[in-house]
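On a predicted model such as this, the values are computed, not experimentally measured, just so you know.
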Amino acid sequence: MSEWPVRVRAGLADEQGRSAELETMAGGERSRPDGGRTDDAAVETAEEAKEPAEADINELCRDMFSKMATYLTGELTATSEDYKLLENMNKLTSLKYLEMKDIAINISRNLKDLNQKYMWLIFVFEDAGLQPYLDQINAIEEQVAALEQAAYKLDAYSKKLDLEGEPRYPLLELKRSLLGEVFPDTCWCLAGMTARATGEGNFFGSTPDAEWEEYKTGAKKAPIQTYVLGANNQETLKYFQDADGCELAENITYLGRKGVFTGSSGLQVAYLSGTESLSEPVPGYSFSPKDVSSLRTMLCSAPQFKGVDILLTSPWPKNHIVLQESAQHATRFIALADVGNPEKKKYLYAFSIVPMKLMDAAELVKQPPDVTENPYRKLGKEASVGKQVPAPECYLALAKGGLSDDHVLILPIGHYQSVVELSTEVVEEVEKYKATLRRFFKSRGKRCVLFERNYKSHHLQLQVIPVPLSCCATGDIKDAFITQAQEQQIELLEIPEHSDIKQIAQPGAAYFYVELDTGEKLFHRIKKNFPLQFGREVLASEAILNIPDKSDWRQCHISKEEEETLARRFRKDFEPFDFTGDD
């Protein structure tokens with residue numbers, strides 16, 4: 001008997017407890033819950049439940065996996081692109097970091113250079129920076145006010161001289177009482193030289209040698225820097241041992257037979273020591289017409305020369321060429337008497353002067369109200385003026401008590417205190433001498449060391465000492481200077497390669513300076529005390545020349561004949577290199 005399909009609909013009882021509805025279909029009838037029957041036409045045909053076709057499931061799965069793969073591929077692609085973007089960003093960041101590293105290195109290097117320059121600026125201006133110049137402006141205002149007081153003090157001092165008589169050292173006593181108080185730094189140069197050029201008087205007067213020894217030994221000291229002219233009689237010639245100028249005692253300097261003193265302001269003072277002599281041979285305490293002509297040629301050969309601001313002589317200069325020239329600008333002649341003279345003649349002259357080089361042409365030729373005609377113009381018409389020839393700015397001389405037979409000095413003809421104060425023309429010639437000497441000594445198997453001590457030496461002396469190549473290397477010389485400087489607590493610094501000493505030291509500043517044959521330079525700013533023989537001591541040490549007994553030039557005395565022999569020998573050896581005769 002076949003079984004009829006039965007469709008059962010079951011439902012869970014709801015909250016009111018209703019039971020599930022059951023329908024039973026058999027034959028062509030359908031039972032109802034109320035016991036009734038339905039018609040066959042109304043019988044719902046039941047179909048046999050079938051399982052989905054396998055092909056349909058596979059297709060659905062395939063479609064699902066395909067879409068899932070597409071989705072995952074998209075996600076992975078997006079993630080990969082994000083990683084690529086991050087990779088590119090990292091590479092770019094890495095490059096930026098490298099650029100920043102280079103920038104940082106450059107900044108660090110520049111900061112180091114700036115710091116070094118800043119330290120050098122501090123070093124350069126720690127003693128003589130901009131502030132002192134500003135202070136000088138304020139000081140000028142104070143000095144103008146003090147000038148009136150100085151006049152009262154001078155008058156009082158003159159009266160004191162009348163009562164007490166002439167002091168033994170009138171110039172030094174005068175400056176101690178007056179200029180040392182009122183003008184401690186600005187008028188010493190003119191005061192010293194003007195007071196010396198007083199007629200036929202002389203600096204030493206009738207002072208006993210014992211009192212002068214007190215100045216030479218340092219028991220007494222001139223209160224401010226004093227410059228003097230040379231001897232004008234046989235008796236005082238013994239005090240001036242070096243005709244080219246030297247330090248007589250602390251703060252007392254002999255300028256030399258003739259020359260030009262150039263101050264830091266540009267003021268030029270020409271001078272002639274002694275009395276005028278027209279006979280030959282010229283005494284050691286006199287100057288000749290040749291000396292006058294030589295001085296004039298030296299001055300006139302300088303580019304853009306206008307004239308000198310002051311000319312100092314002992315006698316009244318009747319035969320000086322300056323009196324025979326055509327009128328160019330006004331010249332004031334001043335004759336001064338001895339300090340404290342019983343006739344009460346004028347022995348001190350104070351004035352304000354602008355250096356000629358700083359004046360324009362119109363201002364220079366402007367005539368003052370009290371000007372008179374030149375009384376020597378007639379002599380000028382009769383005088384014959386020779387052809388001007390170029391004059392040298394410097395010359396070589398063998399050092400007194402040299403470390404070797406060819407130890408030489410480069411000396412300027414004009415009076416300059418240090419390399420810092422040299423004019424451009426003189427610097428050029430000094431550099432030419434330095435280069436020539438290097439070639440000369442190299443041809444003889446030697447290297448040369450140059451040094452300058454601008455301390456207690458008021459005329460430039462550039463020392464040039466040859467050192468045989470077999471003795472040591474340049475580095476050994478440099479190390480010897482640095483080592484001995486450290487032992488004596490001297491701060492010896494190396495100057496930057498392209499720096500010049502004029503960038504480091506101000507005019508008037510005391511310093512010690514060394515230049516090696518490689519161009520390396522060592523510098524020390526002298527603030528207090530400094531060993532005068534330091535440069536010689538280093539070069540004479542065992543590490544270099546090994547002649548320690550010659551560290552002091554005063555222990556290296558030789559006879560006059562030996563000096564002349566060495567000078568002739570050096571002149572002959574140097575002749576092939578001498579450039580002074582090229583013109």
Peer 1: Below 4.0 angstrom, N of the basic side chain to O of the carboxylate: do E494 and K478 qualify?
Peer 2: yes

Peer 1: Report yes if the side chains of V449 and V514 come closer than 4.5 Å at any heavy-atom pair, otherwise no.
Peer 2: yes

Peer 1: Tell me, with the steps shown, if S541 and Q484 meet side chain to side chain contact (heavy atoms under 4.5 Å, CB included).
Peer 2: CA-CA 10 Å; S541 66; Q484 293 202 34; 3.3 Å; yes

Peer 1: Tell me the closest heavy-atom pair linking Y271 and G256, and the distance in Å.
Peer 2: CE1-O, 3.6 Å

Peer 1: Could you give the distance from CZ (R447) to SG (C471), rounded to the nearest 0.5 Å?
Peer 2: 9.5 Å

Peer 1: Any side-chain heavy-atom pair from F440 and P576 closer than 4.5 angstrom?
Peer 2: no

Peer 1: Please check this pair: side chain of R453 against backbone of Y455, looking for a donor-acceptor N/O pair closer than 3.5 Å.
Peer 2: yes

Peer 1: Quick check against the 3.5 Å criterion: does K521 have a side-chain atom that pairs as donor or acceptor with the backbone of D500?
Peer 2: no

Peer 1: Identify the residue among E520, K434, E452 that makes a side-chain contact (heavy atoms from CB on, under 4.5 Å) with E515.
Peer 2: K434

Peer 1: Between L545 and P466, which heavy-atom pair has the shortest distance, and what is it?
Peer 2: CD2-O, 4.2 Å

Peer 1: Please confirm whether the ring centroid of F261 lies under 6.0 Å from the ring centroid of Y227.
Peer 2: yes

Peer 1: Mind checking whether V538 and Q533 have side chains closer than 4.5 Å, heavy atoms only?
Peer 2: no

Peer 1: Rounded to the nearest 0.5 Å, what's the gap from OG1 on T226 to CD1 on I252? Could you check?
Peer 2: 5.5 Å

Peer 1: Look at the side chain of T483 and the backbone N and O of A480, then say whether any donor-acceptor pair between them is shorter than 3.5 Å.
Peer 2: no

Peer 1: Of all the heavy-atom pairs spanning C448 and V464, show the shortest one and how long it is.
Peer 2: CB-CG1, 4.0 Å

Peer 1: Can the ring centroids of Y513 and H524 be said to lie less than 6.0 angstrom from one another?
Peer 2: no

Peer 1: Does K442 NZ have over 12 foreign heavy atoms under 6.0 Å away?
Peer 2: no

Peer 1: Hey, are S286 and T275 close enough side-chain-wise for a donor-acceptor pair under 3.5 Å?
Peer 2: yes

Peer 1: Answer yes when R257 and D291 have at least one side-chain N-carboxylate O distance shorter than 4.0 Å, and no when they do not.
Peer 2: yes

Peer 1: For D476 and A473, indicate whether the former's side chain and the latter's backbone hold a donor-acceptor pair under 3.5 Å.
Peer 2: yes

Peer 1: Using a 4.5 Å cut-off on heavy atoms from C-beta on, say whether the side chain of L396 contacts that of L437.
Peer 2: yes

Peer 1: Spell out, as yes or no, whether a donor-acceptor pair under 3.5 Å connects the side chain of S294 to the backbone of K290.
Peer 2: no

Peer 1: Report yes if the distance between the aromatic ring centroids of F441 and F574 is under 6.0 Å, otherwise no.
Peer 2: no

Peer 1: Using a 3.5 Å distance criterion without hydrogens, assess whether the side chain of E564 forms a donor-acceptor pair with backbone atoms of E561.
Peer 2: no

Peer 1: Using the six-membered ring wherever Trp is involved, compare the ring planes of F481 and F512 and label them parallel, tilted or perpendicular (cut-offs 30° and 60°).
Peer 2: tilted

Peer 1: Between Y433 and F579, is the ring centre distance below 6.0 Å?
Peer 2: yes

Peer 1: For S559 and E562, run side-chain hydrogen bond (donor to acceptor under 3.5 Å, both in side chains): C-alpha distance rounded to whole Å, both residues' side-chain angles, the deciding distance at 0.1 Å, then the answer.
Peer 2: CA-CA 5 Å; S559 67; E562 289 177 297; 3.2 Å; yes

Peer 1: Going by an N to O cut-off under 4.0 Å, is there a salt bridge joining R571 and D578?
Peer 2: no

Peer 1: Any chance you could lay out the side chain to side chain contact (heavy atoms under 4.5 Å, CB included) test for E276 and N232, step after step, and finish with the verdict?
Peer 2: CA-CA 9 Å; E276 187 172 15; N232 54 18; over 6 Å; no

Peer 1: Go through D405 and F570 one step at a time and tell me if the side chain to side chain contact (heavy atoms under 4.5 Å, CB included) criterion holds.
Peer 2: CA-CA 8 Å; D405 293 344; F570 180 84; over 6 Å; no

Peer 1: Could you give the distance from CG (N106) to CZ (R109), rounded to the nearest 0.5 Å?
Peer 2: 5.0 Å

Peer 1: For residues A540 and K550, report the shortest heavy-atom separation together with the two atoms involved.
Peer 2: CB-C, 4.5 Å

Peer 1: Minimum heavy-atom separation for Y395 to P412, with atom names?
Peer 2: CE2-O, 4.2 Å

Peer 1: With side chains defined as the heavy atoms from C-beta onward, is the minimum distance between T253 and L248 less than 4.5 Å?
Peer 2: no

Peer 1: Does a side-chain heavy-atom distance below 4.5 Å link M356 with V308?
Peer 2: no

Peer 1: So how far is it from I558 CD1 to K560 NZ, rounded to the nearest 0.5 Å?
Peer 2: 10.0 Å

Peer 1: Can you find a heavy atom in the side chain of I482 that is under 4.5 Å from one in the side chain of Q486?
Peer 2: yes

Peer 1: Under 3.5 Å, side chain of R536 to main-chain N/O of P548, donor-acceptor pair present?
Peer 2: no

Peer 1: Tell me whether N454 contacts the main-chain N or O of A509 through its side chain, where contact means a donor paired with an acceptor under 3.5 Å.
Peer 2: yes

Peer 1: For the side chain of D309 and the backbone of Q268, is there at least one donor-acceptor N/O pair under 3.5 Å apart?
Peer 2: yes

Peer 1: Could you walk me through whether L411 and L462 pass the side chain to side chain contact (heavy atoms under 4.5 Å, CB included) test, one step at a time?
Peer 2: CA-CA 7 Å; L411 301 168; L462 190 57; over 6 Å; no

Peer 1: When you check the gap from the basic side-chain N to the acidic O, do D406 and K446 get nearer than 4.0 Å?
Peer 2: yes

Peer 1: Would you say Q463 and H407 are linked by a side-chain donor-acceptor pair, where the criterion is simply a distance under 3.5 Å?
Peer 2: yes

Peer 1: Below 6.0 angstrom between ring centroids: does that apply to F523 and Y511?
Peer 2: yes

Peer 1: What are the two closest heavy atoms between V427 and K502, and how far apart are they?
Peer 2: CG2-NZ, 3.8 Å

Peer 1: Using a 3.5 Å distance criterion without hydrogens, assess whether the side chain of E429 forms a donor-acceptor pair with backbone atoms of E393.
Peer 2: yes

Peer 1: Distance from Q234 atom CD to Y285 atom OH, nearest 0.5 Å?
Peer 2: 6.0 Å

Peer 1: Are V269 and L312 close enough that some pair of their side-chain heavy atoms sits under 4.5 Å apart?
Peer 2: yes

Peer 1: To the nearest 0.5 angstrom, please state how far the CD1 atom of I410 sits from the CG atom of L460.
Peer 2: 9.0 Å

